[in-house]
Amino acid sequence: MEIRKILEKELNKSGGRAELVKVPLERRPSKESLDRLNRDVEGLVRMTGNQVTK
């Protein structure tokens, strides 16, 4: 999704108020941490899906 579309959607939700901030390099997630988070979330989704079907 393009930044323009994301901003447009958020501005519509917030009544036209938005604030752009720049995240410092040291606070940005690494590829490894995002991959780990993705695996964790996928695992939780699978576990939740298994509980719902039982």
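All values reported here derive from a predicted model rather than from experimental measurement.
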**Study point:** Separation of Arg28 CZ from Glu26 CD (nearest 0.5 Å)
**Key:** 9.0 Å

Review point. What distance separates Arg46 CZ from Glu42 CD, expressed to the nearest 0.5 Å?
Key: 5.5 Å

Exercise for review: Enter the distance from Glu8:CD to Ile3:CD1 here, rounded to the nearest 0.5 Å.
Suggested key: 13.0 Å

Review point. Do Asp35 and Lys31 pass the salt bridge (charged side-chain N to carboxylate O under 4.0 Å, His left out) test, and can you show the C-alpha distance, the side-chain angles, and the key distance before you say yes or no?
Key: CA-CA 6 Å; Asp35 287 343; Lys31 181 181 182 322; 2.9 Å; yes

